[in-house]
Amino acid sequence: MPSLGVNIDHIATIRQARYREDPENPNVEPDPVAAALLAEKAGAKGITAHLRDDRRHIQDRDILRLRESVTTKLNLEMGVTEEILRVALEILPDDVCLVPENRREVTTEGGLDCRSNLDVLRPAVARLRGRGIRVSLFIDPDEEQVESAADLDADFVELHTGAYANAAGTDVERELQRLQSAARLAVARGLRVNAGHGLNYRNTPAILGLAGLEELNIGHSIVSRAVIVGLEQAVSEMCGLIEKE
Ligand code: PXP
């Protein structure tokens, strides 16, 4: 049965919307670390946070505090830059998920192009794994990307579910098939399989049968529901959906 990793970037986004210019203000809220602990209490098996190059939501101090406080596992999402690699090698998260980063995007848009970036990715994967960090590559569900991830000796692929989540009509089935083929190939090539992006309470059940699926990383939809019903209930409802299958 897959487990749930909760992405808490969106909690930091709310904080930064008000306090970006005034981080020492005594009223700074909400606290992503408090949210992470509540998510764990409600059944999340991991916490994911993305330290972006532009620090638009999660800050370095958040990552430090998360490392000290998270008791399930901490998954650091990051672009491949020397600066953020150094943070990862110092903080030692349990997992790192390497993602492409583009300053103009609202959220991570596409998967990593592993095939065209073997030279940049290979030393980064090796350095992280050399310190005992499990490395995941966030990729589109394409055969050539899975093959490159295997060639790079990653531990996991995180299959990008955005195209599936945004599909309508007959495209939904086609995107599901793409995810399933990529998951099967990943398993056959010795990779472990996670998935995420754009998943919500409606479209998550259909992907639970992906070959080898271990973890789903979900943020926006859980935080959106939390605004209405509270974070613990929102996390617990998603855990219930995942564990029901
Ligand atoms: N996985 C990765 C690699 C991501 O970049 C994101 C978005 O930050 C997520 C999962 C979670 O996506 P969402 O917020 O759409 O659930």
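Both ligands and their constituent atoms are indexed starting at 1 by order of listing.
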> Look only at interatomic distance and state if Gly198 has a nitrogen or oxygen under 3.5 Å from any nitrogen or oxygen of ligand 1.
yes
> Counting heavy atoms only, name the option from Asn217, Thr48, Leu98 that's nearest to atom 11 (C) of ligand 1.
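Considering heavy atoms of Asn217, Thr48, Leu98, the nearest to atom 11 (C) of ligand 1 sits in Asn217.
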> Sorted by first residue and then second, give each ring-ring contact (aromatic ring centres under 6.0 Å, His included) pair with at least one member in residues 74-95; sequence neighbours left out.
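Applying ring-ring contact (aromatic ring centres under 6.0 Å, His included) to every pair that reaches into residues 74-95, excluding sequence neighbours, yields nothing.
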> At the 4.0 Å heavy-atom cut-off, does Ser221 count as touching ligand 1?
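It does not; every heavy atom stays at 4.0 Å or beyond.
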> For ligand 1, which atoms have a heavy atom of Glu77 less than 4.0 angstrom away?
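Listed by number with element, the hits are 1 (N), 2 (C), 3 (C), 4 (C), 5 (O), 6 (C), 8 (O).
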> Test of understanding: with side chain to side chain donor-acceptor pair (under 3.5 Å), list the residues that count as partners of Thr48, not counting sequence neighbours.
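Applying side chain to side chain donor-acceptor pair (under 3.5 Å) to Thr48 gives Asn75, Asn217.
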> Examine Met238 and Leu37 and state if one hydrophobic cluster contains both, with Ile, Leu, Val, Met, Phe, Trp and Tyr joined whenever side-chain heavy atoms are less than 4.5 Å apart.
no
> Is Leu199 in polar range of ligand 1, meaning some N or O pair under 3.5 Å apart?
no
> Does His10 have a heavy atom less than 4.0 Å from any atom of ligand 1?
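Yes; His10 lies near enough to ligand 1 that a heavy-atom distance drops under 4.0 Å.
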> Do Asn25 side-chain atoms and Asp22 backbone N/O form a donor-acceptor pair below 3.5 Å?
no
> For Val99, counting its heavy atoms only, list the atoms of ligand 1 lying under 4.0 Å from any of them.
3 (C)
> Do we see a donor-acceptor contact under 3.5 Å between the side chains of His197 and Glu158?
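No, because no side-chain N or O of His197 sits under 3.5 Å from a partner of the opposite role on Glu158.
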> Any idea which of Glu158, Arg52, His197 brings a heavy atom closest to atom 6 (C) of ligand 1?
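Selected option, by shortest heavy-atom distance: His197.
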> Does the residue His50 have a heavy-atom contact with ligand 1, meaning some pair of atoms that are separated by less than 4.0 Å?
no
> Is there a donor-acceptor contact under 3.5 Å from the side chain of Arg67 to the main chain of Leu92?
yes
> What atoms in ligand 1 come closer than 4.0 Å to a heavy atom of His220?
13 (P), 14 (O), 16 (O)
> With a sphere of 6.0 Å drawn around CZ of Arg131, does it hold more than 12 non-hydrogen atoms of other residues, nucleotides or ligands?
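For Arg131, atom CZ is not crowded (no more than 12 foreign heavy atoms under 6.0 Å).
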